[in-house]
Amino acid sequence: MRTQVAIIGAGPAGLLLSHLLHLNGIESVVLESRTRADIEATIRAGVLEQGSMHTLVEAGVGERMRKEGALHHGFELAFDGKRHRVDLLELTGKAITVYPQHEVIIDLVAARIAAQGQLLFETSEVAIHDIGSARPSVSFVHKGESRRIDADFVVGCDGFHGVSRQMIPHSLRQDFQRTYPFGWFGILVESAPSSEELIYARHERGFALVSTRSPTVQRLYLQCDPHDRVDQWSDDRIWSELHARLDNQDGWQVKEGRIFQKNVIGMRSFVCAPMRSGRLFLAGDAAHIVPPTGAKGMNLAISDVRLLAAALDGFYRQGRWEALDSYSEIALQRVWRAEYFSWWMTRLLHTFPDATPFERELQLAELRNVVSSRALRTALAENYVGAF
Ligand code: FAD
Ligand code: DHB
């Protein structure tokens with residue numbers, strides 16, 4: 001098989017890249033290790049920045065998002081039993097959309113299939129070859145058969161645990177990493193929304209987040225031990241912890257309902273630099289991870305591939321290497337800003353097991369500063385909506 005761009009991984013990064021290339025008349029093949037049903041059902045991110053929404057709409061895959069996604073003009077910070085609104089629209093002129101990642105995946109897969117794009121599910125033994133030459137290739141097994149794709153470029157969109165990043169020799173790359181001493185326990189609940197807007201809550205018992213999925217399904221998270229197992233959290237334990245962390249002095253309470261999905265999410269910050277070696281480029285979680293507090297992961301994946309698709313277009317249209325050569329440096333500038341913001345939000349809102357009483361008071365003082373200063377709220381809002 002021969003193609004122009006071989007893409008590994010059918011997450012938001014791989015699928016959107018393949019679609020953007022197609023719109024520019026560039027051929028690609030996407031290899032995915034899981035089944036279509038599996039990628040379309042995995043519950044992950046929920047927040048799309050305005051720039052990400054715009055990219056999806058421009059690419060012709062934003063129709064359902066516009067209809068079914070919920071546009072949010074602000075969110076709330078909760079601490080000391082009180083809530084404080086951050087008015088994104090007023091502070092930045094921008095908004096975000098709550099639209100689940102698996103719905104983005106469903107829309108992108110449908111668009112790739114409608115355009116007769118090559119999307120191979122359940123591939124295994126994926127290996128990348130000759131990235132230092134002008135003819136890189138990818139070998140893999142599909143439906144019991146060993147196959148190979150020759151390509152001009154290979155793009156690793158295979159997430160944090162994929163094979164692509166490992167192709168960049170340790171001597172040429174630097175990995176930056178921090179793991180956090182807590183995780184998030186995520187649930188999906190059948191109930192009406194507890195709140196019109198997202199609530200990020202800081203509490204001595206740990207962080208909690210109220211998000212939403214639809215008028216009848218809600219998404220809630222609470223800080224937990226990163227080694228917790230789902231079976232250690234009964235429904236009663238979850239509700240009593242959520243009430244303790246979220247219910248406030250005005251009598252507002254989080255709404256209960258049937259919990260139909262539970263998962264534990266580890267938290268880390270990670271950056272691999274550079275995001276390229278020879279004819280191999282990395283995009284999305286394959287190159288960087290942020291803790292979910294800033295809602296940046298899927299948005300970074302989208303901005304990486306927007307940049308890379310334009311660079312590949314410059315190459316195929318005009319034979320220009322400049323944008324491909326500067327891809328890693330430019331992408332990493334945005335990545336580091338998102339890393340900084342995600343780390344800052346995480347530090348501001350979580351209970352660190354080793355924090356001294358002095359550090360806990362500083363955290364509260366910082367929160368009070370943020371909600372009382374328009375300048376600090378503006379900086380927070382600009383970062384949250386991705387206005388950089
Ligand atoms: P992935 O989505 O991980 O896709 C990689 C794909 O590659 C997978 O389908 C995988 O099966 C496939 N793959 C892996 N290895 C191979 C291989 N060897 N061969 C073939 N295929 C392979 N981000 C936000 O922007 N906003 C949020 O609100 C947000 N909330 C989050 C909440 C949670 C609970 C979690 C876990 C994450 C959240 N994120 C959020 C992060 C976001 O989900 C990720 O950043 C995003 O999925 C990255 O997309 P990707 O395409 O780079 O990687
Ligand atoms: C959601 C996830 C996040 O990480 C976040 O910061 C906000 C919302 C969500 O899944 O809805």
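Each ligand, and each atom within it, is numbered from 1 in the order the structure gives.
- Leu312 places a side-chain heavy atom less than 4.5 Å from the side chain of Leu21.
- Distance check: Leu300 CG to His288 NE2 gives 5.0 Å after rounding to the nearest 0.5 Å.
- In this structure, atom 37 (C) of ligand 1 lies nearest to the protein heavy atom Arg44 NE, 4.2 Å.
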Can Phe182 and His350 be said to form a ring-ring contact (aromatic ring centres under 6.0 Å, His included), step by step? CA-CA 9 Å; Phe182 40 74; His350 289 75; 4.6 Å; yes
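- For atom 5 (C) of ligand 1, the closest heavy atom belonging to the protein is Cys157 O, 3.4 Å.
- Considering each of Glu32, His102, Glu125, the one bringing a non-hydrogen atom nearest atom 11 (O) of ligand 1 is Glu32.
- A salt bridge links Glu40 with Arg36: the distance from a Lys NZ or Arg NE/NH1/NH2 to an Asp or Glu carboxylate oxygen falls below 4.0 Å.
- Among all non-hydrogen protein atoms, the one lying nearest atom 21 (N) of ligand 1 is Ser33 N, 3.2 Å.
- From the protein, the heavy atom lying nearest to atom 49 (O) of ligand 1 is Pro12 CD, 3.4 Å.
- Residue contact check: Gly11 has heavy atoms under 4.0 Å from atoms 2 (O), 4 (O), 6 (C), 51 (O) of ligand 1.
- Contacts with ligand 1 closer than 4.0 Å are made by backbone heavy atoms (N, CA, C, O) of Leu31 only, the side chain lying farther away.
- Under the 4.5 Å side-chain criterion, counting only non-hydrogen atoms from C-beta, Ser277 is not in contact with Met167.
- With a 4.0 Å cut-off on non-hydrogen atoms, Ile265 touches ligand 1 through its side chain and not its backbone.
- Proximity annotation for atom 42 (C) of ligand 1: of His288, Arg34, Lys296, Gln101, Gln101 comes nearest, heavy atoms only.
- Every N/O-N/O distance between Gly159 and ligand 1 stays at or above 3.5 Å.
- To the nearest 0.5 Å, the span separating CG on Leu77 from CZ on Arg377 amounts to 10.0 Å.
- Between Glu76 atom CD and Ile199 atom CD1 the span is 5.5 Å, to the nearest 0.5 Å.
- Between Glu49 and Lys296 the shortest side-chain heavy-atom distance falls below 4.5 Å.
- Residue Met345 is not grouped with residue Leu220 when hydrophobic side chains (ILVMFWY) are merged at heavy-atom distances under 4.5 angstrom, including chains of intermediate members.
- Here's the thing with Gly284: none of its N/O atoms is less than 3.5 angstrom from an N/O atom of ligand 1.
- Judged as a ring pair (Phe, Tyr, Trp, His ring centres under 6.0 Å), and not counting sequence neighbours, the contacts of His22 are His19.
- Each of Ile7, Leu280, Asp130 was compared with Val154 under the side chain to side chain contact (heavy atoms under 4.5 Å, CB included) criterion, and only Leu280 meets it.
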Ligand 2 N/O to protein N/O, distances under 3.5 Å:
| from | atom 1 | to | atom 2 | distance (Å) |
| --- | --- | --- | --- | --- |
| ligand 2 | 4 (O) | Pro292 | O | 2.7 |
| ligand 2 | 6 (O) | Tyr200 | OH | 2.7 |
| ligand 2 | 6 (O) | Pro292 | O | 3.0 |
| ligand 2 | 6 (O) | Thr293 | O | 3.4 |
| ligand 2 | 10 (O) | Arg213 | NH2 | 2.7 |
| ligand 2 | 10 (O) | Tyr221 | OH | 2.6 |
| ligand 2 | 11 (O) | Ser211 | OG | 2.6 |
| ligand 2 | 11 (O) | Arg213 | NH1 | 2.9 |
| ligand 2 | 11 (O) | Arg213 | NH2 | 3.4 |

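- With hydrogens left out, the protein atom closest to atom 41 (C) of ligand 1 is Gly297 CA, 3.8 Å, a heavy atom.
- Close approach to Ile8 involves these atoms of ligand 1, each under 4.0 Å from a residue heavy atom: 19 (N), 20 (C).
- Ligand 1 places these atoms under 4.0 Å from at least one heavy atom of Gly162: 15 (N).
- Shown here are the ring pair (Phe, Tyr, Trp, His ring centres under 6.0 Å) partners of Tyr316, two or more places apart in sequence or in another chain: there are none.
- Taking distance alone, with nitrogen or oxygen atoms compared against 3.5 Å, Gly14 stays at or beyond that limit from ligand 1.
- Side chain of Arg202 to main chain of Leu367: no donor-acceptor pair is present (N/O by atom type, distance under 3.5 Å, no hydrogens or angles).
- Screening residues 344-360 for salt bridge (Lys or Arg N to Asp or Glu O under 4.0 Å), with sequence neighbours left out, gives Arg347-Glu366.
- A donor-acceptor pair shorter than 3.5 Å can be found between the side chains of Arg219 and Tyr221.
- Any N or O atom pair closer than 3.5 Å counts here, and Ala301 shares no such pair with ligand 1.
- Residue nearest to atom 52 (O) of ligand 1, selected from Asp285, Val126, Ile302, Asn299: Asp285 (by heavy-atom distance).
- Residue contact check for ligand 1: Gly186 places no non-hydrogen atom closer than 4.0 Å to it.
- With a 4.0 Å heavy-atom cut-off, ligand 1 is reached by the side chain of Tyr221 but not by its N, CA, C or O.
- Considering backbone and side-chain N/O of Met298, one or more are found under 3.5 Å from N/O of ligand 1.
- The nearest heavy-atom contact from the protein to atom 14 (C) of ligand 1 is Asp158 O, 3.1 Å.
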Going through the checks in order, is the ring-ring contact (aromatic ring centres under 6.0 Å, His included) test met by Phe79 and His84? CA-CA 8 Å; Phe79 60 96; His84 308 263; 4.8 Å; yes
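- Residue Ala286 has no nitrogen or oxygen atom sitting less than 3.5 Å from a nitrogen or oxygen atom of ligand 1, judged on distance alone.
- Remark: among candidates Ser52, Pro100, Ala45, the nearest residue to atom 30 (N) of ligand 1 is Ala45, based on non-hydrogen atoms.
- Every atom of ligand 1 with a heavy atom of Ala13 under 4.0 Å away is listed here by number and element: 51 (O), 52 (O).
- Taking the ring axis of Phe153 as reference, the NZ or CZ atom of Arg279 stays within 45° of it and closer than 6.0 Å to the ring centre.
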Do Arg320 and Glu322 pass the salt bridge (Lys or Arg N to Asp or Glu O under 4.0 Å) test, and can you show the C-alpha distance, the side-chain angles, and the key distance before you say yes or no? CA-CA 6 Å; Arg320 295 175 74 98; Glu322 289 86 343; 3.7 Å; yes
